[in-house]
Amino acid sequence: MSAPNAGKPDRHDEPDRHDKIDRHDKLDRPDEPGKTGKHRTSPRRRAPRAAVLAAAAVVTALVATSLMSDQTPATAGPSTTAADDGGNTFYTTDEEVVGLLEQTAPLNQKEAIRGYPALGQDPRGVTLDAVEQIYPLDQAIQDVKDHLGTGFEFEPGVEVVDSPDIRRSSSDDLEPWLGGGMSAKHYCGMDDSNSSDCGFVGILDQKYPTVQSTAEVTGRAKLTYKTQATVGRDSSQTKGWSAGGKVSTTFKPEAPGPDAGGEFNFSYSESTTTTNRWTSMVEQDTEIDVPDSSVGWLDGRANGGWYTGYIVYKINLTPADGPPKQKIVAIPARVLIQAPGKSAPMTWVKRDSKK
């Protein structure tokens with residue numbers, strides 16, 4: 001996938017940015033303490049009143065303990081200090097944004113893609129040294145067998161040669177056994193190939209990258225943007241390549257202001273755990289009301305994550321001048337994968353920072 005930073009430098013670390021597809025509830029404010037009355041309590045009534053207060057404190061503590069014990073790490077709300085100005089909720093830090101999106105578009109720590117990830121690869125590539133720091137190859141090979149099926153098992157009676165064939169970077173993807181400069185993408189997409197012996201496994205290294213953002217606006221200011229995201233699925237998918245698509249996201253101000261609007265395109269892949277494919281988001285109004293002494297903007301986050309790992313394929317060859325041979329090839333790669341259960345491709349989040 002193309003690196004999802006456009007329109008504005010990534011604020012991070014870092015996007016995800018969100019519109020009204022995922023609405024944020026207004027943060028609760030503590031009730032104002034009441035004023036102490038001037039009446040006196042007679043000595044006879046002090047003891048019963050103290051007992052009642054003590055019992056209430058015990059009940060309150062028990063209820064709080066029960067509520068806390070019912071929350072699990074997957075369901076407990078994120079710790080956030082998002083500013084709330086009359087229902088206009090802003091998120092100041094990237095941690096707050098990630099905490100929000102972890103509730104609405106959860107990601108798996110590891111993912112596997114069936115077929116070659118023709119869409120969603122990071123064009124900047126990645127090196128073997130960088131990948132092995134977070135995802136050892138031995139573990140990746142085992143994950144391939146566990147999650148992508150038996151197509152990666154060696155055939156009995158066929159000699160295993162130069163396996164695993166580990167490449168040093170994403171650009172080192174030509175297959176020497178086939179000659180003619182054939183790339184891994186070409187090999188996996190051949191008519192006589194299939195997705196059972198090509199795939200990708202990766203570990204999550206960046207959640208909800210920013211794909212687009214508006215210009216910063218100094219408060220007090222009130223602006224309305226029209227936002228939209230159109231998903232184009234790969235209808236002419238080549239056999240042996242993974243499922244995925246391209247997203248075109250746009251925003252434009254409703255009235256003249258500091259922003260002329262913008263458009264950005266990015267691609268993505270689906271994983272073996274995908275249950276809801278991304279679908280287009282209709283155009284809608286997203287309002288930003290920046291308070292005094294603040295700088296605000298809309299941060300557009302992809303409902304997905306960058307996964308670093310390996311493109312893996314198995315090749316069987318019977319050369320004209322020798323016996324059959326087989327090997328496993330592993331190529332470092334980084335791929336943007338959609339959140340498996342989220343149908344909306346992105347979220348617009350209101351952000352602010354103090355002047």
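Ring-plane geometry between Y225 and F251 is classed as perpendicular, the angle between the planes exceeding 60 degrees on a 0 to 90 degree scale with a lower cut at 30.
Paired with S271 under the rule side chain to side chain donor-acceptor pair (under 3.5 Å), one option of K110, E111, Q338 passes, and it is E111.
Hydrophobic clustering places L137 together with V131 (ILVMFWY residues linked when any side-chain heavy atoms are closer than 4.5 Å, directly or through intermediates).
Remark: the backbone N or O of F264 is not paired with any side-chain donor or acceptor of T249 at under 3.5 angstrom. Between the side chain of Y135 and the backbone N or O of V201, no donor-acceptor pair lies under 3.5 Å. Under a 3.5 Å cut-off, the side chain of T214 and the backbone N or O of L298 do form a donor-acceptor pair. T274 places no side-chain N or O within 3.5 Å of a backbone atom of R277 that could act as its donor or acceptor partner. Side-chain N or O atoms of N276 include none that pairs as donor or acceptor with a backbone N or O of K342 at under 3.5 Å. With R114 contributing its side chain and L148 its backbone, the two residues share a donor-acceptor pair below 3.5 Å.
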Which atom pairs, donor and acceptor, lie under 3.5 Å between side-chain atoms of residues 316-324 and protein residues at least two apart or in another chain?
unit_1	atom_1	unit_2	atom_2	d
N316	ND2	E155	OE1	3.4
N316	ND2	E155	OE2	3.0

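Here the side chains of S183 and L174 are in contact, with some heavy-atom distance below 4.5 Å. Side-chain contact between I288 and K222: absent, with no pair of heavy atoms (C-beta onward) separated by less than 4.5 Å.
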Assess the residue pair Q142 and D138 against the criterion (side-chain hydrogen bond (donor to acceptor under 3.5 Å, both in side chains)); give the C-alpha distance rounded to whole Å, side-chain angles, the decisive distance to 0.1 Å, and a yes or no. CA-CA 6 Å; Q142 185 59 51; D138 290 347; over 6 Å; no

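By the neighbour-count criterion of 12 heavy atoms within 6.0 Å, atom NZ of K252 is sparsely surrounded, having that number or fewer from other residues, nucleotides or ligands.
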